[in-house]
Amino acid sequence: GIFGAFFVLYFHKTGVAPHRRVLFSERSFGVFAPSYLFTQGWAMKTSSDALIIGGVELHSRLFIGTGKYGSDSLIPAVAEASGAEVITVALRRVDLGNSKDNVLSHIPGTMRLLPNTSGARTADEAVRIARLSRAAGCGDWIKIEVISDTRHLLPDGYETAKATEILAKEGFTVLPYMNPDLYVARDLVNAGAAAVMPLGAPIGTNRGLQTKEMVRILIEEISLPIVVDAGIGKPSQACEAMEMGAAACLVNTAISTAGDPVRMGAAFGEAVRAGRNAFLAKAGPVLQGGASASSPLTGFLGGHDEGAAS
């Protein structure tokens, strides 16, 4: 059947069943292209600051997507430039009967697939899509999207929690997309989510971190990894989310619709690493009034400090 063809496509491409692939703990980038020279960054190479989701260790905290590219053939270059290890794909975009022009054929075999349930309007529909994904050989990771609002594309928290509970009990690693609402987040934790994915702004808008204060509350109150998803439009905004303490960012539209998606992918990779390093470094205190010189104001050019003995 079509799902068997789907599995054969993956097996032929990678040589191993998708759910048994081993992720690289370090990626060797070398010189990608003269205009895209970059490294993973000092902290990522010298520390053990790995992100753990569902028992899987990830060394990149940038997740990317597969939608809206002018050509799916750009995906491998974007993946390489960004350093991302996780990529999401909508199952409804997969043409299982076309092995030549299939978005899956453009995804590097070293990446971890995060299929999503885009198009689901109810928990039952999301569960059905997730089960089909696993049956097709895409593994046990699933990003739950349950959206019945066709104008603002805001996720339905109640239906999302229902789907999360069902799939978590079936052994899926569930990453639900949600409004940054503390009560919904707690419901998702209780339902068995492996991480929660609050939106930064309505999906596909590139408006930035409009829900900053609500996301900050989730970071403070929820013990699961917080992966900021949707609406981030610039690398600086992803950096800000990471500086706040987000565990990761998922960025699709801002990269795929950029004038140079490969360069933008590299920029987001660097921004996420910079933000994470800043969070780990712990920013200095903010002085609310007055000022504080970074160098002494006395003893200039051989003079004497005030009060110093002559």
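Residues: numbered from 1 along the sequence shown. Treat the numbers as computed from the prediction; the structure is a model and nothing was measured.
Members clustered with L154: I147, L153, Y177, L199, I203, by chain and number, using a 4.5 Å side-chain heavy-atom cutoff among hydrophobic residues.
A continuous path of Ile, Leu, Val, Met, Phe, Trp and Tyr side chains, each step under 4.5 Å between heavy atoms, connects L74 with I87, placing both in one hydrophobic cluster. In the hydrophobic clustering of ILVMFWY residues, with side-chain heavy atoms under 4.5 Å counting as a link, I129 and F172 come out apart. Linking ILVMFWY side-chain heavy atoms closer than 4.5 Å, directly or via other members, places M111 and I142 in two distinct hydrophobic clusters. With hydrophobic clusters built from ILVMFWY side chains whose heavy atoms lie under 4.5 angstrom apart, I75 shares a cluster with V251. Taken together through direct or relayed side-chain contacts under 4.5 Å among Ile, Leu, Val, Met, Phe, Trp and Tyr, V56 and V86 form part of one hydrophobic cluster.
How far CD of E270 is from CG of N277: 12.0 Å, rounded to the nearest 0.5 Å. The structure places CD of E220 at 8.5 Å from CE of M244, a figure rounded to the nearest 0.5 Å. In this structure, the separation between SG on C239 and CZ on F268 is 11.0 Å, given to the nearest 0.5 Å. Here the CD atom belonging to E85 is positioned 8.0 Å from the OG1 atom belonging to T110, to the nearest 0.5 angstrom. Rounding to the nearest 0.5 angstrom, the gap separating the OG1 atom in T66 from the CD1 atom in I107 is 5.5 Å. Summarising the geometry, atom CG belonging to D72 is positioned 7.5 Å from atom OG belonging to S105; distances are rounded to the nearest 0.5 Å.
Side-chain contact between R134 and D140 is present, with heavy atoms from C-beta onward closer than 4.5 Å. Proximity of C249 to M242: side-chain heavy atoms (C-beta onward) are separated by under 4.5 Å at one or more points. Proximity of L91 to L132: side-chain heavy atoms (C-beta onward) are nowhere separated by under 4.5 Å. Contact check for P180 versus R216: no side-chain heavy atoms found under the 4.5 Å cut-off. R207 is listed as a side-chain neighbour of P202, based on a closest heavy-atom distance under 4.5 Å. Inter-residue side-chain proximity for L218 and M178 is flagged as met; some heavy-atom pair is nearer than 4.5 Å. The side-chain heavy atoms of L182 and I222, taken from C-beta on, include a pair separated by under 4.5 Å. With contacts defined as side-chain heavy-atom distances shorter than 4.5 Å, the pair E213/I217 does not qualify.
Taking every heavy atom of both residues into account, G265 and L62 meet most closely at O-CD2, 4.3 Å. The two residues V146 and A126 have their closest heavy-atom pair at CG2-CB, 3.8 Å. The two residues A84 and S60 come nearest to each other via the heavy atoms CA-OG, 3.6 Å. Contact record, A254 with I232: CB-O, 3.3 Å, taken as the closest heavy-atom pair. Minimum interatomic distance between L175 and W141 (heavy atoms only, all atoms of both residues): CD1-CE3, 4.3 Å. Here the closest non-hydrogen pair linking K143 and L114 is N-CD1, 3.6 Å.
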For this session: Start with the C-alpha distance between T160 and V184, add both sets of side-chain angles, then the distance that settles side chain to side chain contact (heavy atoms under 4.5 Å, CB included), and finish with yes or no.
Result: CA-CA 9 Å; T160 297; V184 173; 6.0 Å; no
For this session: I would like to know whether L104 and V89 meet side chain to side chain contact (heavy atoms under 4.5 Å, CB included); could you show each step before the answer?
Result: CA-CA 8 Å; L104 296 174; V89 60; 4.3 Å; yes
Exercise. For E165 and K169, what are the C-alpha separation, side-chain angles and deciding distance, and is it a salt bridge (Lys or Arg N to Asp or Glu O under 4.0 Å)?
Worked result: CA-CA 6 Å; E165 183 172 16; K169 288 179 178 178; 3.5 Å; yes
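Side chain of Q210 to backbone of A201: no donor-acceptor contact under 3.5 angstrom is found. Panel note: side chain T117, backbone E145; a donor-acceptor pair is recorded below 3.5 Å. For S133 (side chain) and C138 (main-chain N/O), no donor-acceptor pair under 3.5 Å exists by modelled atom type. Within the 3.5 Å criterion, the main-chain N or O of S118 finds a donor-acceptor partner in the side chain of N116.
For A247, the side-chain contact (heavy atoms from CB on, under 4.5 Å) test picks out L51, R61, P225, with sequence neighbours left out. Applying the salt bridge (charged side-chain N to carboxylate O under 4.0 Å, His left out) rule to R121 yields the partners E125; only residues at least two apart in sequence or on another chain are considered.
Side chains of K68 and T257: no donor on one and acceptor on the other come within 3.5 Å.
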